[in-house]
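Each remark here refers to the structure printed beneath this line.
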Amino acid sequence: MSKATDELFKNVISHAKEYGFVFPSSEIYDGLSAVYDYGQNGSELKNNIKTYWWKSMVQMHENIVGIDAAIFMHPTTWKASGHVDGFSDPMIDNKDSKKRYRADQLLEDRIAKYEAEGKTEKAAQLQQEMDDALKAENLPRLKELIIEQEIACPVSGTRNWTDVRQFNLMFSTQMGAVADDADVVYLRPETAQGIFVNYLNVQKSGRMKIPFGIAQIGKAFRNEVIARQFIIRMREFEQMEMQFFVRPGTQKEWFNKWKETRLKWHLALGTAPEKYRYHEHTKLAHYADAAYDIEFEFPFGFKEVEGIHSRTDFDLSQHQKFSGKKMQYFDPELGEDGKPYGNYIPYVIETSIGLDRMFLLTLINAYEEEDLSTEEKQDSRTVLRLHPVLAPVKAAIFPLTKKDGLPEKAREIMDKLKLDFNIQYEEKDAIGKRYRRQDAIGTPFCITVDHQTLEDNTVTIRYRDTMTQERVPADDLEKIIGDKVSWKNVLK
RNA sequence: GCGGAAAUAGCUCAGUAGGUAGAGCAUCAGUUUCCCAAACUGAAGGCCGCGGGUUCGAAUCCCGUUUUCCGCUCCA
């Protein structure tokens, strides 16, 4: 990260706090690591991003519907999805090299070594002991095994180990009033499973026919080993996901279609295309047969914002296995051989975008420190060039001075506009200062009421991006603003 | 989790031979102002991150702790 971009990123973070976009969580108690709150302008912007996504995914596709599943889910869900076994790793650190290892992998390496040396009996015995310890979640026993086997750190060569600790991706809590092991439930680490477990409900109640999609926006929770870089990696975050169910064999074409559709969604906001790129996963997760990320160039480099994954029939098959409920779909359409496609478990294409990352992307992309200096005077302004559909406040209305009936007239105009748009009224400070304050939160229009307004009911409208102004009839404002902030501009 | 750095008003920061805290901007109340920030007057605002120790006395020295930043480590 260069000094200039480093500086820019820091400025965006303090701007976000200063203007009510993002605050550190529980700040009066020194904050809570990697948790953030959205402020008065941040929540407006976030809601607008959600609306844009929801409209373009659900409203614009007649074969996609939206749901809102609970964060708590039956614990078996996470056994089926692979989260319980796959993401609770026993970790151990070497105190000298400061390197961290998975305790089970250190032992696996030793087993492999025994096998290579032909000591199969020793290998089998250790394997058994390790499996027992893992099964019983006996962490001290794992450490004993590492000590007994005299396993040394490959880097430092020492056997100076910390205790074995469990790294759990998922947050757990108790469901009942009385704490009991049987009542442990997890806070979902991804929203996707809420869609998969409702696949049958939605398909039947909505009489959905393959191909169809289920969309959802919601919170998810992950215990990150290390969470940093502002809201890029948070412990509590929000996802906007859509699972698209397709006929087996057609996943590749649907994958390509969604890959393109999703990038278009990003570009429709007017972001420079060179800021985006695709990143192909070469190492695929256990459930995927293809995966692309859409990455955005943040000040600290390209980072994933959205993933498009071909998840095969893994999830539905797993849920069928664990729940005993048939996840099959009967496809009556005739294939090339003139026979119906019949029963199958659908394949799934997932589009999953991090709302908080999208939020940060939007803020960084919009943020500009503009130098307005002339020969006589040094001047600058900070402006958020947000797309008008996303701007938290659509227009601000100012009386030029706070006397002569101008405030009353301004409020009268505002009362009409506020029925359609989020409007702010300000009468304090010099007019220029008020303009600049609105620039800082990305308000696209400022409307000023002056003495002429009292005579002919015209006002000046000042544009954020160009800082130019025009005189227009007050009665035209609804249409002028409405045209610019209409969702049509980005959905078409 | 490890190592390094930092923490003083809402923000940016001053404040060392240890002696009861200061500026600019922002805020609030007025004045002025008919269109692009920093005009005038006044006011308010500070467990100097938190806890302990040394000292007659600590923002300042020592120890611990929390949070943030930078590296490393981990990551679907």
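A, B, ... follow the sequence lines: proteins, then strands. Residue 1 opens every chain.
- Here B:C36 presents its C1' atom at 18 Å from CZ of A:Phe445, a figure rounded to the nearest Å.
- Checked against the 6.0 Å centroid criterion, the rings of A:Phe296 and A:Phe298 qualify as a close aromatic pair.
- One can find a donor-acceptor pair under 3.5 Å joining the base of B:C75 and the side-chain atoms of A:Arg233.
- As rounded to whole Å, 13 Å separates atom P of B:A37 from atom CZ of A:Arg434.
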- Step by step, work out the side chain to side chain donor-acceptor pair (under 3.5 Å) result for A:Gln216 and A:Gln239. CA-CA 8 Å; A:Gln216 175 170 226; A:Gln239 296 181 304; over 6 Å; no
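- Scanning atom types as modelled, no donor and acceptor separated by under 3.5 angstrom connect the side chain of A:His309 and the base of B:A76.
- In A:Lys50, the NZ atom is crowded: over 12 heavy atoms of neighbouring residues, nucleotides or ligands sit closer than 6.0 Å.
- Of the C1' atoms belonging to B:G19 and B:G24, the separation is 27 Å, rounded to the nearest Å.
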- In sequence, state the C-alpha distance, the side-chain angles, and the governing distance for A:Ser310 and A:Gln251, and then conclude on side chain to side chain donor-acceptor pair (under 3.5 Å). CA-CA 7 Å; A:Ser310 180; A:Gln251 66 267 31; 5.4 Å; no
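- Between A:Ile13 atom CD1 and B:U12 atom P the separation is 12 Å, expressed in whole Å.
- At a non-hydrogen distance threshold of 4.0 Å, nothing from residues 348-372 of chain A comes into contact with RNA chain B.
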- Message: What does the B/S/- profile of nucleotides 25-35 of chain B look like, 5' to 3', with a 4.0 Å heavy-atom cutoff to protein?
- Response: -SSS-----BB
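- The pair A:Arg411-A:Glu408 fails the salt-bridge criterion, with no side-chain N (NZ, NE, NH1 or NH2) lying under 4.0 Å from an Asp/Glu carboxylate O.
- Side-chain contact, A:Glu470 with A:Tyr463: a donor N or O sits under 3.5 Å from an acceptor N or O.
- Considering only residues two or more places apart in sequence or on other chains, A:Glu368 meets the salt bridge (charged side-chain N to carboxylate O under 4.0 Å, His left out) condition with A:Arg385.
- A:Met234 has its CE atom 17 Å from the C1' atom of B:A76, to the nearest Å.
- Residues from residues 410-418 of chain A placing a heavy atom under 4.0 Å of any atom in RNA chain B do not occur.
- By the 4.5 Å heavy-atom criterion applied to side chains, A:Phe221 and A:Phe237 are not counted as neighbours.
- Consecutive pairing runs in RNA chain B reach the stem threshold at B:1-7 with B:66-72, B:10-13 with B:22-25, B:27-31 with B:39-43, B:49-53 with B:61-65, where a stem means at least three Watson-Crick or G-U wobble pairs with distances under 3.5 Å.
- Checked against B:C36, B:A76, B:C69, the side chain of A:Arg436 finds its nearest nucleotide in B:C36.
- Distance A:Phe314 CZ to B:A76 C1': 12 Å, rounded to the nearest Å.
- A:Arg222 and A:Glu236 are not joined by a salt bridge, as no carboxylate oxygen comes within less than 4.0 angstrom of a charged side-chain nitrogen.
- As a whole-Å value, the separation of A:Lys303 NZ from B:C75 P is 15 Å.
- Aromatic ring centres of A:His15 and A:Tyr367: separated by under 6.0 Å.
- Outside the 6.0 Å centre-distance limit, the rings of A:Phe302 and A:Tyr276 are not counted as a close aromatic pair.
- The distance between atom NZ of A:Lys10 and atom P of B:C11, rounded to the nearest whole Å, is 16 Å.
- Comparing B:U12 with B:U73, their C1' atoms are spaced 34 Å from each other, to the whole Å.
- Atom-to-atom, CZ of A:Phe237 to C1' of B:A76 comes out at 10 Å; the value is rounded to the nearest Å.
- Rounded to whole Å, the separation between the C1' atoms of B:C69 and B:U31 comes to 44 Å.
- Between the side chains of A:Tyr435 and A:Thr448, at least one donor N or O sits under 3.5 Å from an acceptor N or O.
- For the C1' atom pair drawn from B:A26 and B:A9, the interatomic distance equals 11 Å after rounding to whole Å.
- To the nearest whole angstrom, the two C1' atoms, one in B:A17 and one in B:A5, are 26 Å apart.
- Using a cutoff of 4.0 Å between basic side-chain nitrogens and carboxylate oxygens, A:Arg434 and A:Asp429 are not scored as salt-bridged.
- Annotation: B:A38 and B:C56 have their C1' atoms spaced 47 Å apart (nearest Å).
- Taking the six-membered ring where the residue is Trp, the centroids of A:Tyr199 and A:Phe245 are separated by under 6.0 Å.
- Sorted by first and then second residue, the pairs that involve residues 348-361 of chain A and meet salt bridge (charged side-chain N to carboxylate O under 4.0 Å, His left out), not counting sequence neighbours, are A:Arg311-A:Glu350.
- With the nearest nucleotide of RNA chain B identified for both A:Glu18 and A:Tyr463, A:Glu18 has the one nearer the 5' end.
- To the nearest whole angstrom, the two P atoms, one in B:A23 and one in B:G42, are 13 Å apart.
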